[in-house]
Amino acid sequence: MRDPRDLYRFESADVLAEVPRTGLTLVHALPGLVDAGNACRIASTYLRDELRHLRLVSFDMDELLDYRGSRPQAVFDGTSYTSVDIPELTLSLMYDESDRPFLFLDGPEPDLQWRRLAEALTDLVEFFDVERVVGMQAVPMAVPHTRPIGLFAHANDPSLLGRPSTRPTPAPGTMLGADAEDSPEILVPAAFGALLELQLGRADHAAMGYAAQIPHYLTRTDFPAGALALLRRVSDAAGLDLPLVHLGDLTDAATVALQGTLEQNSEVRQIVTALEEQYDSLSEGGDQSPLSTTMDLPTAEELGEHFERFLADHDGDSPDEPRSA
């Protein structure tokens with residue numbers, strides 16, 4: 001394997017000087033072939049639009065992407081090509097609402113050199129003395145959009161999920177068989193985040209993540225509720241103060257638009273109704289999944305701010321008091 005450090009470059013010494021070296025969390029969103037509801041892309045864009053950030057590290061995309069398999073977008077004005085949009089994978093220093101710093105890695109999932117990139121990111125985790133890594137993912141599931149979003153939780157140390165740490169870390173090049181643990185094992189297509197979490201665990205670095213369960217009929221549609229669910233969990237796991245109210249507004253607007261669409265499509269309405277009945281039946285029966293799952297619910301701060309705005313919008317609506325301008 002070639003030197004993993006050749007895959008990235010630091011932006012500037014001045015920017016590096018701004019990075020604290022204690023208690024940092026690294027959050028990553030690397031949407032690949034499956035980013036149901038574009039949840040990770042929406043979450044990444046939202047954080048970049050809402051939070052102050054500085055670019056720390058850029059990665060060599062010519063080494064990591066298959067441009068023929070995932071062709072970049074080009075702009076043609078009728079005579080000439082004016083631009084070709086080459087995707088970027090970057091590591092940034094971000095500051096939350098309370099001015100607490102954290103690292104944010106976003107860009108497309110790499111097509112090539114997964115092991116080399118995982119080594120490079122492990123090197124950066126050690127360079128910046130990162131305390132915890134938290135990832136985001138979104139997968140399609142047979143669930144209705146009218147119920148709370150479920151999220152699969154995973155970690156290279158079960159104690160990060162509040163579970164006893166009994167599972168041994170496998171040695172490099174080995175696998176645990178189905179009889180190594182009482183809990184069932186499930187074979188799934190790997191994402192790069194899975195390899196990164198495994199590699200960080202072998203290097204004794206804490207890493208965890210959440211996969212939002214997106215209604216399968218909305219997989220190719222922007223679904224802000226999925227991004228909101230992911231960022232709520234990331235905010236809790238990383239102890240960050242992320243601004244989620246505006247994303248909640250986008251989610252409410254998208255939900256209203258979706259309901260309007262469903263009213264005009266009886267076939268999809270029937271699918272949603274069947275999924276609702278299935279969801280409610282499993283919930284009432286206390287069905288327990290072998291996977292660690294959490295349900296998405298609004299935070300107290302979000303509820304309070306929505307309530308305050310509700311009161312402000314209805315201030316002066318009584319018959320005896322005219323509405324203020």
Side-chain angles (χ1 to χ4, degrees), residues 4 7-9 24-49 51 53 55-67 69-73 85-94 102-125 128 130 132-140 151-156 188-201 203 205-214 219 222-223 226-227 229-231 233-234 237-238 240 242:
L7 275 178
Y8 63 85
R9 63 178 177 85
L24 278 179
T25 294
L26 189 156
V27 177
H28 66 83
L30 304 175
L33 179 63
V34 178
D35 179 24
N38 294 321
C40 288
R41 291 179 176 86
I42 294 172
S44 296
T45 301
Y46 184 78
L47 288 181
R48 290 196 169 277
D49 289 343
L51 298 179
H53 59 276
R55 180 179 294 193
L56 296 177
V57 178
S58 296
F59 293 84
D60 186 353
M61 300 311 291
D62 285 352
E63 293 279 351
L64 300 174
L65 286 190
D66 174 12
Y67 295 127
S70 306
R71 291 186 182 272
Q73 297 293 311
D85 184 20
I86 302 295
E88 293 183 313
L89 178 63
T90 61
L91 181 68
S92 301
L93 174 65
M94 278 193 172
F102 66 100
L103 302 180
F104 184 57
L105 175 73
D106 77 319
E109 181 184 51
D111 297 316
L112 311 169
Q113 303 192 51
W114 280 21
R115 288 182 296 176
R116 188 174 175 221
L117 179 59
E119 292 283 356
L121 289 170
T122 302
D123 182 65
L124 289 169
V125 163
F128 289 112
V130 170
R132 180 177 299 187
V133 177
V134 184
M136 292 184 280
Q137 190 180 1
V139 295
L151 298 100
F152 296 127
H154 50 85
N156 57 21
V188 297
F192 172 74
L195 177 63
L196 177 62
E197 186 175 297
L198 181 64
Q199 176 64 33
L200 289 171
H205 298 296
M208 60 187 300
Y210 297 94
Q213 302 170 26
I214 308 299
T219 296
D222 283 355
F223 189 57
L230 286 169
L231 291 181
R233 298 283 75 77
V234 168
L240 296 173
L242 300 180

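Computed from heavy atoms alone, side chains included, the values below leave out hydrogens, waters and symmetry copies.
With D66 contributing its side chain and D111 its backbone, the two residues share no donor-acceptor pair below 3.5 Å. Side-chain atoms of D85 do not come within 3.5 Å of backbone N or O of P72 as any donor-acceptor pair. The closest donor-acceptor contact from the side chain of H53 to the backbone of L51 lies under 3.5 Å. Listed for the N156 side chain is a donor-acceptor partner under 3.5 Å among the backbone atoms of E197. Formation of a donor-acceptor pair under 3.5 Å by the E109 side chain with backbone atoms of F192 is found in this model. E63 places no side-chain N or O within 3.5 Å of a backbone atom of L7 that could act as its donor or acceptor partner.
We find the CZ-CD distance between F152 and Q137 to be 10.0 Å, quoted to the nearest 0.5 Å. For the atom pair CG of L196 and CD of E119, the computed distance is 10.5 Å after rounding to the nearest 0.5 Å. Atoms CZ and CG, on F128 and D123 in that order, are 10.0 Å from each other to the nearest 0.5 Å. Remark: L30 CG to C40 SG distance equals 8.5 Å, nearest 0.5 Å. Between the CG atom in L124 and the CG atom in L105 there is a gap of 9.0 Å [rounded to 0.5 Å]. To the nearest 0.5 Å, atoms CG (L151) and OH (Y210) are separated by 8.5 Å.
Within a 6.0 Å sphere centred on CZ of R115, other residues, nucleotides and ligands contribute 12 heavy atoms or fewer.
Looking only at side-chain heavy atoms (C-beta outward), M61 and Y67 come within less than 4.5 Å of each other. Considering only heavy atoms from C-beta on, L65 stays 4.5 Å or farther from S70 through its side chain. Between L56 and T90, every side-chain heavy-atom pair lies at or beyond the 4.5 Å cut-off. At least one side-chain heavy atom of L103 sits under 4.5 Å from a side-chain heavy atom of L93. Contact annotation: the side chain of R233 never approaches that of M208 to less than 4.5 Å [non-hydrogen atoms, C-beta and beyond]. Taking 4.5 Å as the limit, some side-chain heavy atom of L47 sits within range of a side-chain heavy atom of L231. Contact annotation: the side chain of H28 approaches that of V133 to within less than 4.5 Å [non-hydrogen atoms, C-beta and beyond]. Considering only heavy atoms from C-beta on, L64 stays 4.5 Å or farther from L112 through its side chain.
Using a 4.0 Å cut-off between charged nitrogen and carboxylate oxygen, R41 and D106 do not count as a salt-bridge pair.
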Verdict with supporting geometry, L91 and L26, side chain to side chain contact (heavy atoms under 4.5 Å, CB included): CA-CA 9 Å; L91 181 68; L26 189 156; 3.9 Å; yes
Test log, rule side chain to side chain contact (heavy atoms under 4.5 Å, CB included), inputs I214 and V139: CA-CA 6 Å; I214 308 299; V139 295; over 6 Å; no
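Here the closest non-hydrogen pair linking P108 and L89 is O-CD1, 4.4 Å. Listed here is the closest heavy atom pair of F102 and L24: CA-CD2, 4.0 Å. For P110 against L117, the heavy-atom pair with the smallest separation is CG-CD2, 3.5 Å. Considering all non-hydrogen atoms of both residues, A138 and A39 come closest at CB-CB, 3.6 Å. The two atoms that bring W114 and A190 nearest to each other are CH2-O, 3.6 Å, heavy atoms only. For G37 against I42, the heavy-atom pair with the smallest separation is O-CD1, 3.7 Å.
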